[in-house]
Amino acid sequence: MNLRPRSSLGRILDDLGVTLLELVHGDVEVTHDIGGVVIHDPVEEPVYPERALVLGVGIADPAELAALVTELGTRGVVALIVRAPVELTDGVRAAIDSSGVAVMGLARGATWTQLAALLRSLLAEGDIGDAEHESLGGLPSGDLFAVSNAIAALLDAPVTIEDRSSRVLAFSGRQEEADASRAETIIGRQVPERYSRVLTERGVFRDLYRHDKPVIVDPIQIGYEGLTTQRIALAVRAGDEVLGSVWAAMDGPLTDERTAALRDAAKLVALHMLRVRAGADVQRRLSTELVGTALEGGAGSRDALERLGLGGQRVGVIGASLLLDAQRERSVRADQLLLGERQHFADALAVHLSAVRPGSAVALVGDVAYGIFAAPGEGDAAEDRAARIAQDFLDRVGSRMPSVLAIGPAASGVTGIAHSRATVDRVLRVLRDSQVTGRVARLVDVQTESLLLELRDLVAARGDEPGGPIARLIEYDERTDSSLVLTLQAWLDCFGEVGAASALLYVHPNTFRYRLRRITEVSGLDLADPEARFAAMLQLRMLATR
């Protein structure tokens, strides 16, 4: 058991060291909590909290680093983070030893914004407390069910705690004392959509989130079947942010005592909800970093797999991607909701995988949700099982989350895992290009399409244009407004079957044969030469369509 304080320097290095940070030189075994995160500004002197952690953005020169470490030592700074690799000269080492300021390196590829967010989440988690050993308001930290039962006892009424989307986060006992609507809400862990729609139309949510006073929902005025008990609701806020709401099912007047009790309860709920969210944010971010590192196959991959509990095992890799039409994607991005939608999709995949493959890890890396899980067995058997798991997931989410999923080969080594991730990316590119939702594929299923996409990339990078017979046909078509290129394409696609090819273009077979003779006359292409036919097919697919 690690007894370091949650926000101590050693604890931060324990949590982030595999993926983001490395100790360059100095002592991290200090037991004091870190007082805050500060970004170094050479132009304007910042305010340093006690035992600060400083981000040295742009500090690379050893002499400049030594001078900064010495200055920070006089201000009680605990550590300085600079971009790795760090040149540890004798001067830098001496400055670190004399100042007591540890120096750590931020891994290449990691952003300062990403690091700052992780550090602040870790510090916030420490501020809120450890759920296993601390309490808030005399209740276990983060235990919303204990909080809801306490509020129910205080108000003498069954209570639910809900988020902004009317999902039930926790509920108290005595729910049987409420009405049918409450029972349906508890069973589904979600306020029924038709009831939620009625509340929206009546302006209940508007009043709830606009004011800081309780809102009364009269069942007679609402006129909703199944709602017979009065509801009293109050928004849960953290500053200006609305986290959710508390709903009590109780009849009778809203007295001053009930109002005061509900307001006090909402403040306590806010603390616990922040505690839950902080822990979830840190865990999600750390999981994302570990999964990303494991998939890269670099120096930290083996350690990342160990921390994920998958070290030394044969593992499978899958990748899932949401399919959004261009107009909707632009709209979602404009509202800054795209990331949240993809994260919700990744969370759904994580729940599914954890149920069928305990110990699996899922993280959203970029716009792809990657999953790593133990995959015992050899060859195709492991891939087949993974494909069944993936298809079952897509069947469950259905049209609610239009998506595709790629299966990588099972791997047992660091290099094999990186190769499996690269395979997943290749397959996903084909699946997204086809825009066929609900599709699961392995590389063997889409190998031809994948090779064609890679060839198109090569052609585009080199700027190649059609040449030879194909170029002459394109020029002739443009000049005479004819269709020789389409005729050749149809003939090649139909393996030289004139009947099928002519039907494809809706022309008479004799007309089609005449066009074939014109193709030979205009371009000089020898249709009897297999090498010439193959070259023509490649050019038509790689170049002419551009």
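Remark: aromatic rings of Phe393 and Phe345 are close, center separation under 6.0 Å.
When side chains are defined from C-beta on, Leu53 does not count as touching Val77, because their heavy atoms never get closer than 4.5 Å. Side chains of Ile372 and Leu310 form a contact here, defined as non-hydrogen atoms less than 4.5 Å apart. Within the 4.5 Å cutoff, the side chain of Arg432 has heavy atoms near those of the Leu323 side chain. Val315 is not listed as a side-chain neighbour of Ser412, based on a closest heavy-atom distance of 4.5 Å or more. When side chains are defined from C-beta on, Glu87 does not count as touching Val92, because their heavy atoms never get closer than 4.5 Å. Between Leu516 and Ile519 there is a side-chain heavy-atom pair separated by less than 4.5 Å. In this structure the side chain of Val82 reaches within 4.5 angstrom of the side chain of Val103, judged on heavy atoms.
In this structure, Val368 and Gly319 approach most closely via the heavy-atom pair CG1-CA, 4.1 Å. Here the shortest heavy-atom pairing between Leu428 and Ala320 reads CD1-N, 4.4 Å. Minimum heavy-atom separation, Val101 to Ile96: O-CG2, 3.2 Å. Taking every heavy atom of both residues into account, Val24 and Gly105 meet most closely at CG2-N, 3.7 Å. Across every non-hydrogen atom of Ala387 and Val440, the tightest pair is O-CG1, 4.1 Å. Across all their heavy atoms, Ile407 and Glu383 have their closest contact at CG2-O, 4.1 Å.
Electrostatic pairing of Glu521 and Arg518 counts as a salt bridge here, judged by a charged N lying under 4.0 Å from a carboxylate O.
Under the 3.5 Å distance criterion, with hydrogens and angles disregarded, a donor-acceptor pair is assigned to the side chains of Arg426 and Ser450.
No donor-acceptor distance shorter than 3.5 angstrom exists from the side chain of Gln391 to the backbone of Arg439, with no hydrogens or angles considered. Checking side-chain atoms of Ser360 against main-chain N and O of Phe373 turns up no donor-acceptor pair under 3.5 Å. For the pair Asp493 (side chain) and Ala490 (backbone), a donor-acceptor distance under 3.5 Å is absent. A donor-acceptor pair under 3.5 Å is formed between the side chain of Ser523 and the backbone N or O of Leu525. Here the side chain of Thr511 pairs no donor or acceptor atom with the backbone of Val507 at under 3.5 angstrom.
Remark: Asp395 CG is packed, more than 12 non-hydrogen atoms of other residues, nucleotides or ligands lying under 6.0 Å away. For Glu201, the CD atom is densely surrounded, since the number of other residues' heavy atoms within 6.0 Å is greater than 12. Glu497 CD: 12 or fewer foreign heavy atoms inside a 6.0 Å radius. Annotation for Arg302: atom CZ does not count as buried by contact number, only 12 or fewer foreign heavy atoms lying within 6.0 Å.
Remark: Arg164 is positioned above the aromatic ring of Tyr209, its terminal NZ or CZ atom under 6.0 angstrom from the ring centre and at most 45 degrees off the axis.
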Full working for side-chain contact (heavy atoms from CB on, under 4.5 Å) between Val427 and Arg442: CA-CA 7 Å; Val427 175; Arg442 296 167 291 183; 5.8 Å; no

Audit row: Val362, Val291, side-chain contact (heavy atoms from CB on, under 4.5 Å) steps and yes/no: CA-CA 7 Å; Val362 175; Val291 170; over 6 Å; no

side-chain contact (heavy atoms from CB on, under 4.5 Å) assessment of Leu65 paired with Leu80: CA-CA 9 Å; Leu65 175 59; Leu80 170 67; 3.5 Å; yes

Stepwise side-chain contact (heavy atoms from CB on, under 4.5 Å) test for His40 and Val57: CA-CA 7 Å; His40 170 66; Val57 181; over 6 Å; no

When the side chains of residues 417-425 are checked against the rest of the protein, which donor-acceptor pairs come out under 3.5 Å, sequence neighbours left out?
from, atom 1, to, atom 2, distance (Å)
Ser420, OG, Pro409, O, 2.8
Arg421, NE, Tyr370, OH, 3.3
Arg421, NE, Asp425, OD2, 3.0
Thr423, OG1, His419, O, 2.9
Asp425, OD1, Tyr370, OH, 2.5

Could you give the side-chain donor-acceptor pairs of residues 480-487 under 3.5 Å, partners two or more places apart or in another chain?
from, atom 1, to, atom 2, distance (Å)
Thr480, OG1, Tyr476, O, 2.7
Thr480, OG1, Ser482, OG, 2.9
Ser482, OG, Asp477, OD1, 2.8
Thr487, OG1, Ser483, O, 2.7
Thr487, OG1, Arg515, NH1, 3.3

